[in-house]
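Note that this is a predicted model, so its numbers are computed, not measured.
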Amino acid sequence: MTIEVGDRIPDATLMQLTDKGPAPVKTSEYFAGRKIVVFALPGAFTPTCSNQHLPGFIQNADTIKAKGVDEIACLSVNDAFVMGAWGKAQGAGGKVTMLGDGNGDFTKALGLGFDGSGFGMGMRSQRYSMLVEDGVVKSLNMEPAGGKAEVSGAENMLKQL
């Protein structure tokens, strides 16, 4: 079952790279009482993700946050080390929080995974963005198949805020 607008975010533990190493991020605590834009993508360092999706949110971070958003989070089925390195390479620090869903547990619970085995990538996340307020999905923007980040991109999210 795929998560829908009005549903609560499922309980899961994501990972974030900190100065002290990987740290758990419990979704029940992370989303509680906050307004968060989260966007997910198939993989760190992949072309569309690196050239369009993440850069759009980094470039628009101040404008998004000025509309009352507490945090912007980038999620991928990668480990915290990869997400941390990718965020550093892209200049995401202070603008976009990089979260790893290494085992894909959160992605599976959302019903938003896909099998990328044909490309040697294993189970991955579909490309999407969503606005979550106090743990409840307020908008969900699923990207159609293909190598673009338009429906799920920062510009479309800005229109919804």
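How far CD of Gln160 is from OG of Ser129: 6.5 Å, rounded to the nearest 0.5 Å. In this structure, OG in Ser152 is found 9.0 Å from CD in Gln52, a value given to the nearest 0.5 Å. The CG atom of Asp134 sits 6.0 Å away from the CZ atom of Arg8 when rounded to the nearest 0.5 Å. Taken to the nearest 0.5 Å, the CD1 atom of Ile64 stands 13.0 Å off from the CD1 atom of Ile36. Taking CZ of Phe57 as the start and CG of Leu158 as the end, the distance is 8.0 Å to the nearest 0.5 Å. To the nearest 0.5 angstrom, Leu131 atom CG is 9.0 Å from Asn141 atom CG.
The two residues Ala44 and Val82 have their closest heavy-atom pair at CB-CG1, 3.6 Å. Closest of all the heavy-atom pairs between Met157 and Met130 is CE-C, 3.7 Å. Residues Gln90 and Pro55 share a closest heavy-atom pair of OE1-CG, 3.5 Å. Annotation for Ala154 and Gly56: closest pair CB-O, 3.3 Å, computed over non-hydrogen atoms. Val5 and Lys138 make their closest contact through CG1-O, 3.5 Å (heavy atoms, listed as atom of the first residue, atom of the second, distance). Nearest heavy-atom pair across Phe45 and Ala89 is CE2-CB, 4.2 Å.
Linking ILVMFWY residues whenever their side-chain heavy atoms come closer than 4.5 Å, directly or via other members, leaves Leu140 and Val151 in distinct clusters. A chain of hydrophobic side-chain contacts below 4.5 Å, direct or via other Ile, Leu, Val, Met, Phe, Trp or Tyr residues, connects Ile3 to Leu75. No continuous path of hydrophobic side-chain contacts links Trp86 to Phe81 [ILVMFWY only; heavy atoms under 4.5 Å].
Side-chain N or O atoms of Asn156 include none that pairs as donor or acceptor with a backbone N or O of Gly153 at under 3.5 Å. Checked by atom type and distance alone, the side chain of His53 never pairs as donor or acceptor with a backbone atom of Arg127 at under 3.5 Å. Under a 3.5 Å cut-off, the side chain of Gln126 and the backbone N or O of Pro42 do not form any donor-acceptor pair.
A cation-pi contact, defined as under 6.0 Å to the ring centre and within 45° of the axis, links Arg34 to Tyr30.
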Sequence neighbours left out, cut at 3.5 Å: what donor-acceptor pairs do the side chains of residues 96-107 make with other protein atoms?
from, atom 1, to, atom 2, distance (Å)
Thr97, OG1, Glu71, OE2, 2.4
Asp101, OD1, Asp105, N, 3.2
Asp101, OD1, Phe106, N, 3.2
Asp101, OD2, Phe106, N, 3.4
Asp101, OD2, Thr107, N, 2.8
Asp101, OD2, Thr107, OG1, 2.7

Table please: side-chain donor-acceptor pairs of residues 9-25 below 3.5 Å, with sequence neighbours left out.
from, atom 1, to, atom 2, distance (Å)
Thr18, OG1, Lys20, N, 3.2
Thr18, OG1, Gly21, N, 3.4
Thr18, OG1, Gly21, O, 2.7

Show, in sequence, the C-alpha distance, side-chain angles and deciding distance for Phe39 and Tyr128, and conclude whether the ring-ring contact (aromatic ring centres under 6.0 Å, His included) test is met.
CA-CA 6 Å; Phe39 65 101; Tyr128 66 87; 9.1 Å; no
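No side-chain heavy atom of Val132 sits under 4.5 Å from any side-chain heavy atom of Val136.
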